[in-house]
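Letters go in sequence order (proteins before strands), and every chain restarts at 1.
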Amino acid sequence: MTKSSSENKHRPVVLELQNIVKTYRSGNTSFNALNGVDLKIYQGEFVSITGPSGSGKSTLMHIIGLLDSPTSGQVLLEGRDISRLKEHEMAQIRNVTLGFVFQQFNLLPKTSALENVLLPLLYSDVDKSLHHEMGVKMLTKVGLDTKLKNTPAQLSGGQQQRVAIARALINNPKIILADEPTGNLDSKSGKDVMEFFHKLNQEEGRTIVFVTHDQELAAQAQRVVVIKDGKISISKTQ
Amino acid sequence: MIKPSPSDLIKSSVRSIAKNKGRTLLTSLGIIIGVTSVILLTSIGNGLKKYVSDQFESLGSNVVYIVPGKVFNDEGGFSNTESFVTLTFDDKDISKISRQFKNDLVIPSTQLAVDVKAGDKIKKGRSLIGTTPEYGPANNSVPKETNGRWFTQEETDKNSKVAVLGNKIAQDLFGSVNPLGKKIIVKGKNLKVIGVVDKKGSTFGGPSLDDHIYTTIGTVQNITGNSDINTIQVKIKDKSLINKTKTDLEKLLLDRYEKDTFSVFDSSQLLSSINSIIGTLTIALTGIAAISLVVGGIGIMNIMLVTVSERTKEIGLRKAIGAYPRAILVQFLIEAIILSALGGFIGVVLGALGTLAINQFFPAQITPGSIILAFGVSSLVGVIFGVAPARKASKLSPIEALRYE
């Protein structure tokens, strides 16, 4: 059951999932990873998606992140169905609408922090002459303006994740999608990262979708969506 | 607008190649070897062609040769039938030809293999050529003033025992001593050296012209005891008449001799035959060398497949942040092309250096054409063998790629 707070009703819906089913087949057996999911993400919302492993939360995240297409159902981005676009069209939406933050950071090795941050711009329409300045601004925002030239190996885990957040923000996305962003960090760095997400949400009104198996972290969000057996079992606003 | 811009793509490819210098060099080795050998072989082929042309130019142009036997086959190559020659010409032919071609010079010559002695030195199996005063100028063989002279009409008429030596045989027999005025002994006859010809080099398939000894035709005929003539040269005045002259000469000789027992040709014909042989050889050898380019291309494909596996995570990430499949395809294709073009470039440099080195001992000449060809082919190899790995990369699913450890 989806329950939305009265506060959310005044906000526009950024992303809406309608009756999403994702079926994996292997040989003669098939398995529904998602079994009819309805979910609305409102603009400026900080929502966490949680659930035990195997619950389907990764699959849900892939579909929200346009990395995967549903077997049936619709994904509406600001009202437009984007679930069955061609691969290059999906790539473009990922580029300008979504910002990913991963558990493994996924920075390019032997490549400077600045260049890592600029990577999404390579695939965007942003004029090249603006890239450098934008990158420096983003790294300054995450407090790494002194580490522009450092490669990931020369940065701590927390710093690497901040580079990854700067990369996610560079194209000014509508939604930031974070998959266990603190999973590879010590508790102090993890806390810093969470605080940074809260700040982005509160001060800039960024929409953040945050996937974690950690109930305690999930509880920090405005709304917690719990997935179980491919369905949303709880969606509660705190 | 192209996304990403080509300059960004090239920059990122160069960087990823530079991260693995040792591997890059080993990968490119096949291409390097292939391109180097292609360049070297074409250089040698070209050098040979030029060398042969120069040699023919130094032999003198506008000369039609009449020799016994069938020299050329119908396709313009050298005939491989009948190398056993029995036919000889004689004075009758000379006077007949002279009557019909009044404006041209008719030069008979008779050739004999002899042992030459000077003092205590003996050189075996050298060519003694008996001929007329016109032979020297017609064949660019007149000694320079300081090196004596060619023999005169008077000496020819009197069967004078004079000799003009090729440069090498003069060296072999006399060393640093000036041979002019000295005696050489051929078949028991004393010949007086009156001239030494400048160095000319060898013709292909024949003895070195620098080993030849020239004397009056009567002297050689006295040695052989007959009045046979082996070769007739006709030096014509008007170059444009060369083909007509050849046809007319052939017709004239057919009155006395059977078809295919003699040949009438000019030096350009000989040159084009030799060139076509060298050309065929060069293409064949270059083709063999080009096989290593294919092997090199497979090496590049191999390493690119490894690279794609190694960078699966990077590909997944790039896709997640908005790289569309073609951007990934082009990125890896450019990397493969740069790898092989780099190999091609190093190969061209090595080939050029090798050509310079070979040129010290053997005629070799690098041409812009062979450089462009080798470079172009190696880049093409990069495209062909880069497509499979690049396609594989572009088709990776971002989810699986990101999960890849």
Side-chain angles (χ1 to χ4, degrees), chain A residues 22 24 33 58-59 61-63 65-69 85-112 115-129 131 151-152 164 166-171 173 176-177 179, chain B residues 1-24 306-335 390-405:
Chain A
K22 181 70 185 178
Y24 290 110
S58 293
T59 308
M61 193 205 67
H62 291 149
I63 286 173
L66 291 188
L67 293 169
D68 206 352
S69 305
L85 292 178
K86 294 203 175 83
E87 217 192 314
H88 68 96
E89 292 167 316
M90 290 232 215
Q92 208 200 347
I93 293 175
R94 286 200 293 269
N95 182 246
V96 298
T97 311
L98 297 163
F100 287 92
V101 180
F102 303 93
Q103 181 176 0
Q104 308 287 341
F105 321 137
N106 287 334
L107 299 176
L108 297 189
K110 300 184 191 176
T111 305
S112 74
E115 280 169 296
N116 265 297
V117 169
L118 295 180
L119 202 58
L121 294 180
L122 284 187
Y123 305 103
S124 76
D125 289 323
V126 177
D127 193 278
K128 235 189 123 177
S129 59
H131 288 193
T151 62
R167 181 181 63 194
L169 290 171
I170 191 101
N171 259 341
I176 291 174
L177 200 53
D179 181 14
Chain B
M1 192 168 104
I2 310 164
K3 298 177 291 180
S5 71
S7 67
D8 283 333
L9 278 175
I10 291 170
K11 217 164 80 186
S12 87
S13 301
V14 166
R15 182 161 333 133
S16 82
I17 288 169
K19 279 173 195 163
N20 285 305
K21 288 193 189 72
R23 186 161 93 182
T24 301
V306 171
T307 302
V308 169
S309 293
E310 279 179 351
R311 287 160 63 191
T312 298
K313 240 187 142 98
E314 174 193 329
I315 295 162
L317 169 78
R318 282 179 187 269
K319 286 196 150 188
I321 62 170
Y324 38 99
R326 190 173 297 166
I328 301 288
L329 181 102
V330 172
Q331 183 188 345
F332 281 88
L333 200 54
I334 285 183
E335 231 176 282
R391 273 180 66 88
K392 189 183 165 197
S394 75
K395 289 197 152 79
L396 281 177
S397 140
I399 302 167
E400 274 155 44
L402 279 171
R403 244 187 237 146
Y404 186 88
E405 288 299 329

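When atom types are taken as modelled, the side chain of A:Asn106 and the backbone of B:Leu317 share no donor-acceptor pair closer than 3.5 angstrom.
With a 4.5 angstrom heavy-atom cutoff, B:Gln331 touches chain A only via side-chain atoms. Contacts between A:Leu98 and chain B at a heavy-atom distance below 4.5 Å are absent for every atom of the residue. In this structure, the portion of A:Glu115 lying under 4.5 Å from any heavy atom of chain B is its side chain and not its backbone. If you measure heavy-atom distances from A:Pro109 to chain B, the contacts under 4.5 Å come from the backbone alone.
Within the model, atoms NZ of A:Lys128 and CG of B:Asp8 stand 3.5 Å from one another, a figure rounded to the nearest 0.5 Å. The CG atom of B:Leu402 sits 12.0 Å away from the CD atom of A:Gln103 when rounded to the nearest 0.5 Å. We find the CD1-CZ distance between B:Ile321 and A:Phe100 to be 10.0 Å, quoted to the nearest 0.5 Å. With rounding to the nearest 0.5 angstrom, the NZ atom of B:Lys319 is 10.5 Å from the CG atom of A:Leu67. For the atom pair NZ of B:Lys313 and CZ of A:Phe102, the computed distance is 9.0 Å after rounding to the nearest 0.5 Å. Interatomic distance, CZ of B:Arg311 versus CG of A:Leu108, reported as 8.5 Å (0.5 Å rounding).
Other residues, nucleotides and ligands contribute over 12 non-hydrogen atoms within 6.0 Å of the NZ atom of B:Lys19.
Between B:Arg326 and A:Glu87 no salt bridge is recorded (no basic side-chain N to carboxylate O distance below 4.0 Å).
The minimum heavy-atom distance between A:Ala91 and B:Ala323, with the atom names listed, is CB-O, 3.8 Å.
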